[in-house]
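What follows is one structure encoded as structure tokens, with my remarks underneath.
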Amino acid sequence: EMVIETGETVRVFYAVGGPNLLSSFHAIGSVWDTVYRQGAFASTPDQYVQTTPVLPGSSAVVTATFPVPGDYKLVDHALSRVARKGALAVIRADGPENPEIFDPEE
């Protein structure tokens, strides 16, 4: 688990060793602000992406900002890999509630 403050930007370097299965990298509860497909920092990043495919033997570099507190799960959207293999990471954002963006009481 990584702990950040709300409003902070995180950068995740994600690689798929393969050899055969691709991954659909996704943050439950948020979107990627930027995605550098295949880790290509010299290219123009995709913006506001929900799920990004990562091929075997390739990578992606993503950034995200979490404006409300909570636990954000980073998963391969082939969720059987979460259930069967434990392929899950958590980013916990600590900070004040922001009901203009998300009201947990509604």
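The model shown is predicted, which means the values in this text are computed figures rather than measured ones. The analysis underlying the following values was restricted to heavy atoms, covering all of them including side chains, and did not include hydrogens, waters or symmetry mates.
In this structure, the separation between CD1 on I4 and OG1 on T9 is 8.0 Å, given to the nearest 0.5 Å. With values rounded to the nearest 0.5 angstrom, Q47 atom CD is found 8.5 Å from D33 atom CG. Atom CZ of R11 and atom OH of Y36 lie 6.0 Å apart (nearest 0.5 Å). Considering NZ of K85 and OG of S80, their distance stands at 8.0 Å, rounded to 0.5 Å. Taken from OG1 in T6 to CZ in F66, the straight-line distance is 11.5 Å, to the nearest 0.5 Å.
Follow the hydrophobic side-chain contacts under 4.5 Å out from V54 and you never reach V61; the two are in separate clusters. Hydrophobic clustering, with ILVMFWY side chains joined whenever heavy atoms are under 4.5 angstrom apart, groups I101 together with Y72. V35 and V31 are members of different hydrophobic clusters when ILVMFWY side chains are connected at heavy-atom separations under 4.5 Å.
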Worksheet item: Can R81 and L21 be said to form a side chain to side chain contact (heavy atoms under 4.5 Å, CB included), step by step?
Response: CA-CA 11 Å; R81 293 182 190 143; L21 301 175; 3.3 Å; yes
Worksheet item: Given the rule in the side chain to side chain contact (heavy atoms under 4.5 Å, CB included) test, do L74 and I91 qualify, once you have shown the distances and angles that lead to the verdict?
Response: CA-CA 8 Å; L74 309 185; I91 295 176; 3.9 Å; yes
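Q38 CD: 12 or fewer foreign heavy atoms inside a 6.0 Å radius. Within a 6.0 Å radius of CZ in R37, other residues, nucleotides and ligands contribute 12 heavy atoms or fewer. Other residues, nucleotides and ligands place more than 12 heavy atoms under 6.0 Å from the CD atom of E1.
Residues T51 and H26 bring a donor and an acceptor atom of their side chains to less than 3.5 Å of each other. Side-chain contact, T63 with T34: a donor N or O sits under 3.5 Å from an acceptor N or O.
Counting only heavy atoms from C-beta outward, the side chains of P56 and L22 approach each other to under 4.5 Å. Here the side chains of M2 and V10 are in contact, with some heavy-atom distance below 4.5 Å.
Using cut-offs of 30° and 60° on the angle between ring planes, the pair F25 and Y14 is parallel.
For the pair S43 (side chain) and A40 (backbone), a donor-acceptor distance under 3.5 Å is present. Although no hydrogens or angles enter the test, the distance criterion places a donor-acceptor pair under 3.5 Å between the side chain of D76 and the main chain of S24. Not a single donor-acceptor pair under 3.5 Å links the side chain of D94 to the backbone N or O of E5.
The shortest non-hydrogen separation linking A87 to V82 is O-CG2, 3.2 Å.
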